[in-house]
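Accompanying notes for the structure given below.
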2 protein chains.
Amino acid sequence: MVIDDDRLVVTSLKTILEADAEIQVVGTGTSGRQAIELYHKTKPDVLLMDIRMEGMTGIKAAEKILAADPEAKILFLTTFSDDDYIVSALRLGAKGYLLKQNYESIIPSLKAVQMGLRVFGDQIITKMPLALGTDKTSTVEYDLNEKELAIITQVANGLSNKEIAQALYLSEGTVRNYISVILEKLQLRDRTQLAIFYYKNLKHA
Amino acid sequence: MVIDDDRLVVTSLKTILEADAEIQVVGTGTSGRQAIELYHKTKPDVLLMDIRMEGMTGIKAAEKILAADPEAKILFLTTFSDDDYIVSALRLGAKGYLLKQNYESIIPSLKAVQMGLRVFGDQIITKMPLALGTDKTSTVEYDLNEKELAIITQVANGLSNKEIAQALYLSEGTVRNYISVILEKLQLRDRTQLAIFYYKNLKHA
DNA sequence: TTAAAAAGATGACATTTGTCATCTTAGAAA
DNA sequence: TTTCTAAGATGACAAATGTCATCTTTTTAA
């Protein structure tokens, strides 16, 4: 679902999003009030909403939506990364914010949020208990960027390094380097454990 | 849940099963009538039931249970592998049969059934669409024996060949050979795809 | 008791994988 | 512009993996 008080933004976002076969825009609106109403009607997987809007701000709308449904996945659109509102928005339980300039990262970020991750600018963050290994029950926070997430997805689809390289237009060596970094970040040993991690923690999270 | 008209069998089965931390015996009984009554009360993950019993046979009881709950997972206990009843039992929708002599294979078979597989003697069978790969939607039937299933489970836990060997008291080479056979049977390429297969098709199936 | 299967082990081999240090290049910042 | 930095590429390397053919040992069946 897409909410922005600039109708042009709404339209272009809708176009961009619907070009992706996995995404469906189930509703659009141009005000906080519409956001609340539409949200409860359509229960979207993710609500993409402008943070500054005339009348009711995105923050206020988010507050009401989250009060009724704490599981709501709200991703804010913002023009300035230093927007003061952002902090309070995140404190409410929003899943992150996205710079409007950054059109290319909208879709991956949206998918990341749908998977249960959080997004800040172009950093994708996940906070969850580590289910693998022996008995680590502590909650750790991981930082993964878009590219890393894309590679994890490929590994979790069972592709080899060579195949991932072809799919993402990288060299095989680069893919290996990425995976090495990912394994270090997530404290895993090999791609099999990474795939397992994906199915236990990221998929449907 | 355990049903057998020999009280001694019930008791010893209960003891064997409860020694496993992952298993809980939620009810026991000694007749088909009790089986039906208890089944609906406790809704066990798996019902382990003798096939020959005085009064109502296990078959009859299974028939009634399956009529009310087609998802019921019923595993028959039998003394003779050539028991004529078995065929009709399986046709009803039972998940398999188990020779009473074979005490060691009770637990792995039980777990296999809980995962959605079927068990015949000591053959564990799985019939399901292949979710991996490109676009194979056909339903294939795989044959996996206990040992193979045990190894798959370890792979899906992220263990290396060396670790699996230690865990199962085998040599590393043997583990490799097993995995090679498993990959061939399931038409997969490497252990990562095997782990993925496990989470997509076997776990919680 | 002997023959025939299974189950397991071994060794050799080609690939794949993960790690690291080092390089190139392109974009951001000064 | 020049400098700095991040993304990507390369090459070398050890270890892990998957495949095979060949043995040995155990179990089962005749």
Side-chain angles (χ1 to χ4, degrees), chain A residues 81-82 99 101-105 108 121-124 132 143-152 154-198, chain B residues 80-82 99 101-105 108 120-124 132 143-152 154-198:
Chain A
S81 63
D82 56 346
L99 302 186
Q101 289 88 350
N102 233 3
Y103 264 38
E104 324 82 54
S105 57
D122 58 351
Q123 282 294 304
I124 293 170
L132 256 182
D143 275 39
L144 303 168
N145 60 39
E146 278 171 37
K147 203 107 217 175
E148 288 167 344
L149 200 67
I151 287 184
I152 292 177
Q154 302 295 324
V155 169
N157 276 330
L159 301 212
S160 70
N161 290 333
K162 197 176 301 203
E163 290 168 331
I164 296 174
Q166 284 189 303
L168 304 184
Y169 304 103
L170 296 173
S171 82
E172 188 189 332
T174 301
V175 172
R176 296 222 214 129
N177 291 338
Y178 267 110
I179 289 181
S180 190
V181 169
I182 292 169
L183 294 178
E184 172 61 28
K185 281 189 182 178
L186 300 181
Q187 288 292 298
L188 301 173
R189 200 175 46 192
D190 53 47
R191 69 201 298 107
T192 303
Q193 294 192 346
L194 180 56
I196 295 169
F197 178 88
Y198 177 86
Chain B
F80 311 103
S81 63
D82 54 348
L99 301 186
Q101 289 88 349
N102 233 4
Y103 265 38
E104 324 81 56
S105 57
F120 300 93
D122 58 351
Q123 282 295 304
I124 294 170
L132 257 180
D143 274 38
L144 303 168
N145 59 39
E146 280 171 33
K147 203 105 217 175
E148 289 167 344
L149 198 66
I151 287 185
I152 292 177
Q154 302 296 324
V155 169
N157 276 332
L159 302 211
S160 69
N161 289 333
K162 197 175 301 205
E163 290 168 331
I164 295 174
Q166 284 190 303
L168 302 184
Y169 304 104
L170 295 172
S171 82
E172 188 188 333
T174 302
V175 172
R176 296 224 214 126
N177 291 338
Y178 267 110
I179 289 181
S180 189
V181 169
I182 293 169
L183 295 178
E184 172 60 27
K185 281 190 183 178
L186 301 180
Q187 288 292 300
L188 302 173
R189 199 174 47 193
D190 54 47
R191 67 199 301 105
T192 303
Q193 294 192 346
L194 179 56
I196 295 168
F197 179 86
Y198 177 86

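Since the model is a prediction, treat every value here as computed from it, not as a measurement. Lettering of chains follows the sequences in order, A, B, ..., and the numbering in each one begins at 1.
Phosphate contact (OP1/OP2 of dG8(C), side-chain N/O of K147(B), threshold under 4.0 Å): present.
Whole-Å rounding puts the I182(A) CD1 to dT19(C) P distance at 11 Å. Rounding to whole angstrom units, CG of residue L183(B) and C1' of dT15(C) are separated by 14 Å. When rounded to the nearest whole Å, the span between CD of Q193(B) and P of dT16(C) equals 13 Å. One atom, CG of N161(B), and another, C1' of dG8(C), lie 15 Å apart when rounded to the nearest Å.
A salt bridge (charged side-chain N to carboxylate O under 4.0 Å, His left out) check over residues 166-180 of chain A, counting only residues at least two apart or in different chains, returns the pairs E172(A)-R176(A). Residue pairs meeting the salt bridge (charged side-chain N to carboxylate O under 4.0 Å, His left out) criterion with at least one partner in residues 156-169 of chain A, sequence neighbours excluded, are E163(A)-R189(B).
Listed by chain and residue number, nothing satisfies the side-chain hydrogen bond (donor to acceptor under 3.5 Å, both in side chains) test with Q166(B) (two or more places apart in sequence, or in another chain). Scanning for side-chain contact (heavy atoms from CB on, under 4.5 Å) contacts around I182(B) gives E148(B), I151(B), I152(B), L186(B), L194(B), with sequence neighbours left out. Residues satisfying the side-chain contact (heavy atoms from CB on, under 4.5 Å) test with N177(B), not counting sequence neighbours, are none. Scanning for side-chain hydrogen bond (donor to acceptor under 3.5 Å, both in side chains) contacts around S180(B) gives an empty result, with sequence neighbours left out.
The shortest non-hydrogen separation linking R191(B) to L159(B) is NH2-O, 3.0 Å.
Here the range on DNA chain D touched by chain A, meaning any atom under 4.0 Å from one of its heavy atoms, is dG8(D) to dA12(D).
The C1' atoms of five pairs define one axis at each end of the helix from dT1(C)-dA30(D) to dA30(C)-dT1(D), and these two axes lie 30° apart (to 10°).
Within residues 165-180 of chain A, the residues that have a heavy atom under 4.0 Å from DNA chain C are, in order of number, R176(A), N177(A), I179(A), S180(A).
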